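Here the structure is laid out as structure tokens; the discussion comes afterwards.
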Amino acid sequence: MSDGTPRMNDFQILTRNAVDVIEENDLRKRLEHAASKHAKLRVKFGMDPSSPDLHVGHSVQLLRLRAMQQAGHQIVLIVGDATAMVGDPSGRNKLRPQLSRAEVERNLVTYQEQAARVLDMSRTEVHRNSEWFDTMRFEDVLRLAGKATVARMLERDTFEKRMEAGEAIGVHEFLYPLMQGWDSVMIRSDVEIGGTDQLFNLLVGRELQEKEGQAPQICLTFPLINGLDGRKMSKSYGNSIGLTESAVEMFGKVMSLGDDVMGMWFALLTDLPEAEIEALLAGHPRAAKARLGEELAAFYHGRDAGRAARESFDRQFRDRELPSDIPEVEHAWPSDGVPLAILCRDLGLAPSSSEARRTIEQGGVKLAGEVQKDPKFVVQRPGEPLLVQFGKRKFVRVR
RNA sequence: GGGGAGGUUCCAGAGCGGCCAAAUGGGCCAGACUGUAAAUCUGGUGGUUCUCACCUUCGGCGGUUCGAAUCCGCCUCUCCCCA
């Protein structure tokens with residue numbers, strides 16, 4: 001796939017699914033220029049070390065980077081360790097907590113491991129922006145701040161909304177776009193990509209580069225993918241799929257995806273040709289979703305794992321058989337047995353005995369396949385490992 | 001610097017001396033239905049071997065009271081108006 005030489009169809013590769021392409025003609029020109037000189041474009045992507053958990057939402061952009069990398073361009077990953085001290089106001093309606101250096105460092109490590117699932121990190125240039133921000137003096141900061149106006153900052157819809165809603169905006173938050181823009185200057189980026197919520201920040205990079213006598217970077221934005229439930233994808237909503245999740249988890253989560261977001265997921269997360277996607281979407285939604293789940297699981301875990309995940313899911317939920325990989329755990333049994341609610345808590349099936357009790361009373365718990373609605377039901381040490389099912393998906397065998 | 005309004009359980013938002021672990025909605029969990037979709041219906045949603053009771057919670061610390069999320073004082077944070 002990759003021979004290290006930029007190709008002429010890079011334009012399509014790079015802009016697939018893109019929402020904003022600024023400036024399109026400029027991008028074509030630069031790609032041609034790079035191709036004719038066998039030069040690489042420097043493609044910048046900023047990572048936010050305040051949230052180290054990457055999910056498929058991030059992969060929309062990572063996949064573009066991967067394509068660019070395979071086309072022979074240079075990916076430059078900026079670790080926003082200095083900016084993380086500020087907190088990106090994008091898409092926020094609240095002030096972000098500021099992180100300590102130690103937290104940032106820790107997050108950075110896990111982030112890189114996860115990014116490596118999509119990118120070839122050995123061919124990726126990585127910079128922390130503290131490299132240039134740490135040595136700035138206040139005077140330098142002021143000079144940077146002087147390159148933007150308050151009116152310009154307030155144009156930002158997120159600030160505008162927060163103002164209207166009467167929420168707090170820290171003065172330091174105005175610095176965030178400037179810092180991110182300055183990163184572009186420091187690494188002389190040709191292209192920067194980000195989510196649609198990053199457009200403002202990306203454009204600030206262009207302006208700063210121009211003021212510093214550099215060619216302004218091309219800005220590409222990509223859609224923010226909706227989560228499993230159709231809302232904005234966010235780890236805190238619990239509607240995302242993490243890049244490190246198992247094939248089985250990925251497949252299962254995809255199956256719980258809302259029908260109306262399926263098309264978006266196909267387009268943004270798979271390489272399937274458009275015609276095939278349309279055919280799938282025209283068929284039965286369950287079949288399409290299963291295909292999507294398998295594609296996704298296969299991308300991160302290989303074809304075999306993808307297929308296995310699908311088969312195991314079908315067994316468990318379509319054919320209503322037990323999952324194949326029920327964990328078996330040892331329990332320290334008191335001689336007179338233990339009440340079911342307590343057992344569930346101790347087995348880690350429920351976070352508290354109260355919660356276990358509620359679930360049990362509502363018929364959500366089965367012992368050896370039989371519903372047991374009495375939380376005080378005393379379970380004795382079983383001869384054979386006892387199958388406990390808690391809710392729809394938690395299974396365990398106790399000994 | 002002055003004046004005003006606020007900080008409530010995951011979120012939004014009621015409560016304004018006891019009936020408050022705290023309305024309602026959202027989210028989430030469980031059950032029915034089903035394609036682990038949507039829609040709908042039912043129940044639940046701080047903790048404790050728990051239908052009683054007890055413990056922790058309504059920005060923080062103190063106080064008044066038999067009793068405070070609710071009253072008082074100080075502190076702290078946010079928003080608005082004026083300067």
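By convention in this document, chain letters (A, B, ...) are assigned in the order of the sequence lines, proteins followed by strands, and residues within each chain are numbered from 1. Treat the numbers as computed from the prediction; the structure is a model and nothing was measured.
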(Q) Counting the atoms with a prime plus P, OP1 and OP2 as sugar-phosphate, which does R393(A) contact under 4.0 Å by heavy atoms, base, sugar-phosphate, or nothing? (A) base
Q.
Using a 4.0 Å heavy-atom cut-off, does G363(A) contact any base of the nucleic acid, only the sugar-phosphate backbone, or nothing at all?
A. sugar-phosphate
So, [X] and [Y], do they make that salt bridge, N to O below 4.0 Å?
X: E24(A); Y: R28(A); result: yes
X: E295(A); Y: R303(A); result: yes
X: K147(A); Y: E210(A); result: no
X: R128(A); Y: E105(A); result: yes
X: D26(A); Y: K29(A); result: no

Both distances below 3.5 Å, Watson-Crick or wobble geometry, any strand: find the nucleotide opposite [N].
N: A69(B); result: none
N: A53(B); result: U48(B)
N: G1(B); result: C82(B)

Q: Specify the residue among R357(A) and V248(A) whose closest nucleotide of RNA chain B lies further upstream toward the 5′ end.
A: V248(A)
Q.
Assuming nearest nucleotide by heavy-atom distance, tell me which of S352(A) and S256(A) is located more 5' along RNA chain B.
A. S256(A)
Less than 4.0 angstrom between a side-chain N/O of [X] and OP1 or OP2 of [N], yes or no?
X: T359(A); N: G44(B); value: no
X: R345(A); N: U48(B); value: yes
X: S353(A); N: U48(B); value: yes
X: K376(A); N: U51(B); value: yes

Please determine, for the side chain of [X], which listed nucleotide ([options]) has the closest atom?
X: K289(A); options: G35(B), G47(B), U49(B); answer: G35(B)
X: K392(A); options: G47(B), A30(B), G35(B); answer: A30(B)
X: D259(A); options: A37(B), G31(B), G47(B); answer: A37(B)
X: I342(A); options: C50(B), U49(B), G35(B); answer: U49(B)

What is the distance, rounded to the nearest whole Å, between atom [atom1] of [X] and atom [atom2] of [N]?
X: L280(A); N: G35(B); atom1: CG; atom2: P; value: 19 Å
X: R358(A); N: C28(B); atom1: CZ; atom2: C1'; value: 12 Å
X: F390(A); N: G31(B); atom1: CZ; atom2: C1'; value: 13 Å
X: M255(A); N: G35(B); atom1: CE; atom2: P; value: 11 Å

Q. Can you tell me how far P in G18(B) sits from the matching atom in G67(B), rounded to whole Å?
A. 15 Å
Q) If you take atom types as modelled and just measure distance, does the side chain of Q362(A) reach the base of G31(B) with a donor-acceptor pair under 3.5 Å? A) no
